[in-house]
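Below is one structure, written out as structure tokens; the observations come after it.
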Amino acid sequence: MVRVLLPDGSARELADGATAATLAASVGRRLARDAVIAVSDGVEIDLSTPLTDGAGVEIVTAASERGLHTLRHSTAHVLAQAVLGLYPGATFAIGPPVADGFYYDFELPGGATFSDEDLERIAERMREIIAADQPFVRREIDATEALEVFAEHPYKREIIERVSAAGDESADADADLATEAPGGDVVSCYANGDDFVDLCLGPHVPSTGRLGHFALQRVAGAYWRGDSDRPMLQRIYGTAWASAADLKAHLHRLAEAAKRDHRRLARQLDLVSWPEELGPGLAVWHPKGALVRHLMEDYSRSRHVEAGYEFVYTPHLAKANLWETSGHLDFYAESMYPPMELDGAAYYPKPMNCPLHVMIYRSSQRSYRDLPLRLFELGAVYRYELSGAVHGLLRSRGFTQDDSHIFATPDQVPSELASLLDFVLSVLRAFGFENFQAKLSTKPARKAVGPDDMWDLATEGLRAALESAGLDYVMDVGGGAFYGPKIDVDVTDAIGRAWQLSTLQVDFNLPERFDLHYTAADGRRRRPLMIHRALFGSVERFFGVLLEHYAGAFPTWLAPVQASVLPVAADHADYAAHVAGELRVAGVRTEVAASDEPLGRRVRAAKLQKVPYVLVVGAADVAAGTAGVNARTGDPERGVPLADVRARILADAVAGR
RNA sequence: GCCCGAGUAGCUCAGUCGGCAGAGCGAUUCAUUCGUAAUGAAUAGGUCCGGGGUUCGAUUCCCCGCUCGGGCUCCA
């Protein structure tokens with residue numbers, strides 16, 4: 001007899017040898033049908049696993065995240081089975097579930113690659129495997145035997161060797177391998193069909209027949225173990241869902257997200273374009289885009305003034321000497337544009353503003369009374385991004401940082417960090433972002449300067465700031481800049497995507513390299529610390545993120561055109577001009593759409609341009625001094641007095657921020 | 001930089017198994033004067049990304065390059 005506890009607190013007794021599947025069946029037919037895996041005392045198990053007496057057991061269906069995860073993981077196995085069956089000599093690496101789907105990495109003989117036609121063929125074979133309803137059979141074998149089983153598969157052998165050498169700690173150290181093997185001398189495998197076995201931690205769905213609502217999406221190159229020094233594998237991405245309806249809904253969401261693409265919206269709304277003549281990652285700003293950008297920058301400036309920043313300007317170029325002293329030529333050279341040689345000196349376009357701000361600090365003697373000194377610049381920087389990384393406004397080779405450098409005494413750093421983080425979040429909220437996720441990045445393993453105790457001190461200061469702000473954060477071990485640890489703030493946009501925007505970095509390196517000091521209260525010379533802080537991150541990128549966040553419908557205070565006045569017929573043109581004039585005097589950005597086209601068409605055009613207020617004026621309005629108001633949200637209204645129209649738009653224009 | 005894919009009118013995209021280049025939207029002109037998401041007609045608009053090759057003939061096939069998209073790496 002086996003006794004298990006169910007999530008509702010009840011207990012259930014089953015015959016000896018009962019499996020999770022037995023349990024599901026005893027609870028109900030429907031659960032037995034929908035069950036994917038089970039969780040026993042917190043550990044995921046196959047349905048075929050015998051239950052342990054006294055365990056707390058939960059049956060998992062594909063309705064839960066955990067169940068879907070399993071479904072995707074199992075689908076990845078079927079993908080691998082199909083590929084290995086169709087392409088003799090192919091080998092496989094890892095194939096984990098990821099958000100909304102899964103991937104699997106392969107290597108084809110002779111460095112061959114997959115094409116889109118291959119994907120169709122592979123999907124076809126996958127459907128055959130699924131139709132055959134092959135059971136997933138788990139087997140645990142020792143590492144030596146596993147090396148024989150996977151004799152033809154070097155990447156699998158590498159995984160087995162790594163996990164058996166590293167023991168149980170490997171699961172933490174190699175998160176990407178965690179779905180493959182648990183560590184230790186015994187590894188688990190899952191076989192399905194006669195000829196397919198994969199190294200895998202499991203668990204899996206009971207049989208391939210449980211799968212089916214999947215789509216193979218694309219093929220991409222991916223470096224083995226994410227390392228650009230290792231071979232590039234062929235990665236196939238797919239998505240998988242519990243039902244055909246879920247799959248369809250997901251594909252629909254992807255299509256909707258594509259409609260928000262800032263590159264598409266920028267063209268449709270006449271904001272920004274990327275002339276091929278200029279080169280990759282280089283945009284031109286049209287009048288409406290430039291206006292929105294101007295409004296963003298103006299708002300940023302006014303907030304910075306309030307917060308005690310001082311504004312500076314620095315040139316786009318500086319001599320090699322500066323970048324040698326700063327360490328950029330040692331640690332950052334591959335991202336820098338090549339120098340221009342002039343008068344026997346090499347001038348580099350700046351990839352960062354910091355060394356130039358240091359020059360301002362160093363221009364005079366500093367006292368502790370001057371600190372913290374907060375310098376701010378909208379500084380254009382140029383970075384040589386890899387051509388494959390460039391992406392519209394979100395990743396470009398020339399961009400403008402809203403960059404500030406705070407020079408502070410070591411004592412001031414903790415409180416300065418805390419107030420900086422508050423300031424950053426407050427400004428982000430003003431632009432309509434509500435959800436934040438922070439990341440605390442520590443010392444990089446390879447390229448880093450400065451002693452460990454300084455890194456520890458600075459990292460703790462950042463951690464304290466996060467905790468005092470009450471912000472959720474994750475650790476990114478080794479993700480820091482070469483000169484110090486950092487906090488990056490991600491915002492979540494209207495459709496749930498995360499964007500990295502703000503960054504807060506402690507720097508003990510530049511003050512050292514440039515030999516900065518200040519006179520302390522006791523008259524001694526001390527070394528200040530620097531804090532690097534970008535809020536938008538990049539003005540261009542922030543604009544792109546805002547554009548996608550709002551799907552082009554900027555809040556009224558940022559909308560390039562806030563009101564469009566539409567005379568019903570030519571007779572009302574003078575009145576329309578009068579209304580527009582009144583609004584403009586009041587500070588509302590207003591256009592008039594003349595009556596050559598039918599009214600409905602002009603309304604549609606204004607709506608497509610996401611104008612917040614469409615104002616329709618006809619004979620009744622001329623007589624009464626009113627306008628029809630068709631706001632972006634809500635139903636059209638008639639006969640609103642002009643003074644009310646103006647007041648409403650003005651109120652809306654300040655409400656958002 | 002690496003892997004896969006794409007580049008045809010201002011935009012979105014058809015098309016040509018190698019033989020005079022197509023649509024819708026947009027633009028322009030004319031007519032229409034209309035009360036809330038597409039009025040009608042006409043006209044203009046193309047180095048089919050660039051360069052080379054194969055061919056009687058290349059937008060189409062081949063090679064090289066450029067740009068863009070999706071990934072990897074990197075990152076604001």
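A, B, ... follow the sequence lines: proteins, then strands. Residue 1 opens every chain.
- Per the stacking criterion (ring centres < 5.5 Å, plane angle < 30°), A:F536 does not stack onto the base of B:A76.
- Under 3.5 Å, the side chain of A:R235 and the base of B:C72 form no donor-acceptor pair of N or O atoms.
- Side-chain nitrogen and oxygen atoms of A:H391 include none within less than 4.0 Å of the OP1 or OP2 phosphate oxygen of B:G71.
- Listed in residue order, the members of residues 609-634 of chain A having a heavy atom less than 4.0 Å from RNA chain B are A:V616, A:G618, A:A619, A:A620, A:D621, A:G628, A:N630.
- Across B:C3, B:C4, B:G1, the shortest atom-to-atom separation from the side chain of A:Y223 is found for B:G1.
- Residue A:K486 has its side chain nearest to B:A76 when only B:G71, B:A76, B:C4 are considered.
- Residue A:R602 has no polar side-chain atom (N or O) positioned under 4.0 Å from OP1 or OP2 of B:U36.
- Between the C1' atom of B:G71 and the CG atom of A:L119 lies a distance of 13 Å, rounded to the nearest Å.
- With sequence neighbours excluded, the residues that form a salt bridge (charged side-chain N to carboxylate O under 4.0 Å, His left out) with A:R303 are A:E306.
- Between A:K607 and the phosphate of B:A38, there is no side-chain N or O to OP1/OP2 separation shorter than 4.0 Å.
- Scanning for side-chain hydrogen bond (donor to acceptor under 3.5 Å, both in side chains) contacts around A:Y473 gives A:R463, A:E467, with sequence neighbours left out.
- Among the protein residues, A:L608 comes within range of the nucleic acid bases, having at least one heavy atom under 4.0 Å from a base atom.
- Map A:L233 and A:R383 each onto its nearest nucleotide of RNA chain B; the residue landing nearer the 5' end is A:L233.
- Comparing B:C20 with B:G57, their P atoms sit 16 Å apart, to the nearest whole Å.
- Cation-pi geometry between A:R235 and A:Y103 is met: the NZ or CZ atom falls under 6.0 Å from the ring centre, inside 45° of the normal.
- Using a 4.0 Å heavy-atom distance criterion, A:S335 is classed as making no nucleic acid contact.
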Every protein N/O lying under 3.5 Å from an N/O of nucleotides 62-67 of chain B:
{"from": "B:U67", "atom 1": "O2'", "to": "A:E276", "atom 2": "OE1", "distance (Å)": "3.4"}

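- Counting non-hydrogen atoms under 4.0 angstrom, A:D596 reaches a base of the nucleic acid.
- Nearest-nucleotide mapping onto RNA chain B: of A:S538 and A:G392, the residue sitting toward the 5' end is A:G392.
- Legend: side chain to side chain donor-acceptor pair (under 3.5 Å) pairs involving residues 89-99 of chain A, not counting sequence neighbours, sorted by first then second residue: A:T91-A:H153.
- Look at the P atom in both B:G65 and B:C3: the space between them is 11 Å, to the nearest Å.
- For B:G24 and B:C63, the C1' atoms lie 36 Å apart once the distance is rounded to whole Å.
- Listed pair A:T113 / B:C4 meets the phosphate criterion, a side-chain N or O lying under 4.0 Å from OP1 or OP2.
- The ring of A:F214 has its center no closer than 6.0 angstrom to the ring center of A:F102.
- Applying the salt bridge (Lys or Arg N to Asp or Glu O under 4.0 Å) definition to pairs two or more places apart or across chains, those involving residues 379-398 of chain A are A:E385-A:R395.
- With C1' as the reference atom, B:U55 and B:U28 are 42 Å apart, rounded to whole Å.
- Residue A:Q401 places no side-chain N or O under 4.0 Å from the OP1 or OP2 atom of B:A76.
- For the C1' atom pair drawn from B:U59 and B:A42, the interatomic distance equals 29 Å after rounding to whole Å.
- Counting any heavy atom pair closer than 4.0 Å across all strands shown, A:E385 reaches a base atom.
- With contacts defined as side-chain heavy-atom distances shorter than 4.5 Å, the pair A:Y332/A:S326 does not qualify.
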Protein N or O to nucleotides 24-28 of chain B N or O, pairs below 3.5 Å:
{"from": "B:G26", "atom 1": "OP1", "to": "A:R601", "atom 2": "NH2", "distance (Å)": "2.3"}
{"from": "B:G26", "atom 1": "OP2", "to": "A:R601", "atom 2": "NH2", "distance (Å)": "3.4"}

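- Nucleotide B:C2 holds its P atom 23 Å from the CH2 atom of A:W224, rounded to whole Å.
- Taking the centre and axis of the six-membered ring of A:F92, the NZ or CZ atom of A:K156 falls inside the cone set by 45° and 6.0 Å.
- Within 4.0 Å (heavy atoms only), A:A534 reaches no atom of the nucleic acid at all.
- Residue A:R533 contributes atom CZ, which lies 12 Å from atom C1' of B:A76 at whole-angstrom precision.
- Looking at every heavy atom in both residues, A:H532 comes nearest to A:L510 through CE1-CD1, 4.1 Å.
- Taking side-chain N and O atoms only, A:Y237 has a distance below 4.0 Å to OP1 or OP2 of B:C72.
- The side chain to side chain donor-acceptor pair (under 3.5 Å) contacts involving residues 631-642 of chain A comprise A:E637-A:R648, where partners must be two or more places apart or lie in separate chains.
- Annotation: B:G15 and B:C49 have their P atoms spaced 15 Å apart (nearest Å).
- In this structure, A:G537 reaches the sugar-phosphate backbone alone: every heavy-atom distance under 4.0 Å involves primed, P, OP1 or OP2 atoms, never a base.
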Check: residues 279-289 of chain A side-chain donor-acceptor pairs under 3.5 Å, at least two apart:
{"from": "A:H286", "atom 1": "ND1", "to": "A:D270", "atom 2": "OD1", "distance (Å)": "2.8"}
{"from": "A:H286", "atom 1": "NE2", "to": "A:S273", "atom 2": "OG", "distance (Å)": "2.7"}

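- In this structure, A:F114 places its CZ atom 16 Å from C1' of B:G5, rounding to the nearest Å.
- As judged by a 4.0 angstrom heavy-atom cut-off over every strand, A:A222 is placed among residues touching the sugar-phosphate backbone only.
- For the pair A:R121 and A:F114, the cation-pi test (distance below 6.0 Å, angle within 45°) is failed.
- Remark: A:K607 pairs with no residue by the salt bridge (charged side-chain N to carboxylate O under 4.0 Å, His left out) rule, at least two apart or across chains.
- If you check distances only, the side chain of A:Q505 never reaches the base of B:A76 with a donor-acceptor pair under 3.5 Å.
- Between the C1' atoms of B:C13 and B:G53, the separation comes to 30 Å (whole Å).
- One interatomic measurement links the two molecules: CZ of A:R218 to P of B:C72, which rounds to 9 Å at whole-angstrom precision.
- Residue A:Y384 is in sugar-phosphate contact alone, with no base atom involved, counting any heavy-atom pair closer than 4.0 Å across all strands shown.
- Protein atom CG of A:N353 is 12 Å distant from nucleotide atom C1' of B:A76, rounded to whole Å.
- Not counting sequence neighbours, A:R253 has no partner by the side-chain hydrogen bond (donor to acceptor under 3.5 Å, both in side chains) test.
- Here, B:C61 and B:C68 have their C1' atoms 23 Å apart, quoted to the whole Å.
- Judged as a side-chain hydrogen bond (donor to acceptor under 3.5 Å, both in side chains), and not counting sequence neighbours, A:S564 has no contacts.
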